[in-house]
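Working notes, structure below.
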There are 2 protein chains.
Amino acid sequence: MSRSGSPQKGRDGGARTPVQILDSAERLVQQRGFNAFSYADIASELALTKASLHYHFAGKAELGEALIARYALRFERALTEIDASVGHAGEKLSAYAGLYATVLEGERMCLCGMLAAEYQTLPEAMRNAVVRFFDANEAWLERVLQHGRRDGTLHFRGSAREAARLIVSGLEGAMLVARTYGDVARFQAAAHRLLENVARAPA
Amino acid sequence: MSRSGSPQKGRDGGARTPVQILDSAERLVQQRGFNAFSYADIASELALTKASLHYHFAGKAELGEALIARYALRFERALTEIDASVGHAGEKLSAYAGLYATVLEGERMCLCGMLAAEYQTLPEAMRNAVVRFFDANEAWLERVLQHGRRDGTLHFRGSAREAARLIVSGLEGAMLVARTYGDVARFQAAAHRLLENVARAPA
DNA sequence: GTCTATACAGCGATAGAC
DNA sequence: GTCTATCGCTGTATAGAC
């Protein structure tokens, strides 16, 4: 992670190998789970040795933390992008569901949805990071729902917070189940219906 | 599993040890995942040796299959019980959600929800059994929803099948997320709202 | 920053005595 | 039906050369 004179830099000046490690580990965790992948899996995929991986990430726990941090940051940026480019609240919700669909198309689970299943086996720091991810998603959705309600483009009952929670957990569950059927369309149908039922545009 | 002259029988004549093994393994899988528990965990819990476990269940795959079979059977019986004892469709849906809540109270995930996360690492027979579990739940819910629609006690849009799928995946996701917060109330709120939105009683 | 070599614990599984 | 003993393999992690 140092910025000193070492080879193999990407265009942004960051070292390339750590990124490749994160990419490989991320895919493995999303597809197989944190407890079902090993340093050896990454090493063979990148044609490195296990010892080299430990140079970049001291242990599996640290690798896991870096994984969630990067994933959460990427998600956060995607939400900012939706805020900037998409029109009214209903469209923002659809774009949000689209993020999940893209993940599922790679036959992956949401990283934090997968880690939620393995929650009880995770190191403390990873647990906290998973919860923060859900909190951030919920907060963003709550804001979108509140705006939609205020400007009259969305109608729903109860608090925006509860609706936001239902959307997060509904989409996570739809991914979880749809993946066992290898059927992205099943997710799409559930997501569409979920949004339609939770927060609908006035007729 | 034989019925011949051996010690330690339960009142139904079935051997006791296999049941204890299944109980222990079930709890471990629901809390930690199929890839995060070992024969050694069960052995220490039951004060047996790993070798003894292999006598009852040849391998982890066979144990996993037996686990899902028993869980699915128990769920099926619970659904039959709901059919027999509960009144109209809306109440049946609430009772159905109550089954999930009970599981979550033990800080457990739904067995098949957990296995769905680990799906890509499971032996073929276990994969098929997980899908059959979801199919059975969906079929029961579809039937309840259709009855409710016909007798006018439930209103919802689109097909009963799609609504059933949304309920299954919504409840699975609500469990998954609520468990990371250690908060059964969060599940209850999401479940209530999900049912209210997906299939509501006419005003 | 990557390597070879290795330590050491844990895994699922089996053989064979009792 | 349970035990002891052990096998072969894989897991994470470390030491030290290059």
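Letters A, B, ... mirror the listed sequences (proteins, then strands); counts begin at 1.
Here A/S52 does not reach the OP1 or OP2 of C/dG1: none of its side-chain N or O atoms lies under 4.0 Å away. For B/T17, no side-chain nitrogen or oxygen approaches OP1 or OP2 of D/dG1 to under 4.0 Å. In this structure, B/T49 does not reach the D/dG1 phosphate: none of its side-chain N or O atoms is under 4.0 Å from OP1 or OP2.
Nucleotide D/dT2 holds its C1' atom 16 Å from the CZ atom of B/F57, rounded to whole Å. For the pair B/I21 CD1 and D/dG1 P, the computed distance is 11 Å after rounding to whole Å. Residue A/Q20 contributes atom CD, which lies 13 Å from atom P of C/dG1 at whole-angstrom precision. Regarding A/F34, its CZ atom lies at a distance of 14 Å from the P atom of D/dG11, rounded to whole Å. For A/L48 and C/dT2, the CG to P distance is 6 Å, given to the nearest whole Å. The CG atom of A/L53 sits 9 Å away from the P atom of C/dT2 (whole-angstrom rounding). A/I42 places its CD1 atom 17 Å from the P atom of D/dT10, with the value rounded to the nearest Å. Rounded to whole Å, the distance from CZ on B/R32 to P on C/dG10 is 13 Å.
Nearest-nucleotide assignment on DNA chain D puts the 5′-proximal partner with A/A40, out of A/A51 and A/A40.
Put simply, the side chain of A/E196 reaches to within 4.5 Å of the side chain of B/R157, judged on heavy atoms.
Of the candidate nucleotides C/dC3, C/dG1, D/dG11, C/dG1 has the atom nearest to the side chain of A/Y55. Considering only side-chain atoms of B/H56, the nucleotide from D/dT14, D/dG1, C/dG12 that sits closest is D/dG1. Checking C/dG12, C/dC3, D/dT2 against the side-chain heavy atoms of B/S38 singles out C/dG12 as nearest. The A/A15 side chain lies nearest to C/dG1 when the options are D/dT12, C/dC3, C/dG1. When distances run from any side-chain atom of B/K60 to the nucleotides C/dG12, D/dT2, C/dT4, the shortest one goes to C/dG12.
Remark: B/L67 CG to B/L115 CG distance equals 7.5 Å, nearest 0.5 Å. Note: B/R186 CZ to B/L104 CG = 11.5 Å, rounded to the nearest 0.5 Å.
A donor-acceptor contact closer than 3.5 angstrom links the side chains of B/Q31 and B/R27.
In this structure, B/Y96 and B/F75 have perpendicular ring planes: the angle between them is above 60°, well past the 30° mark.
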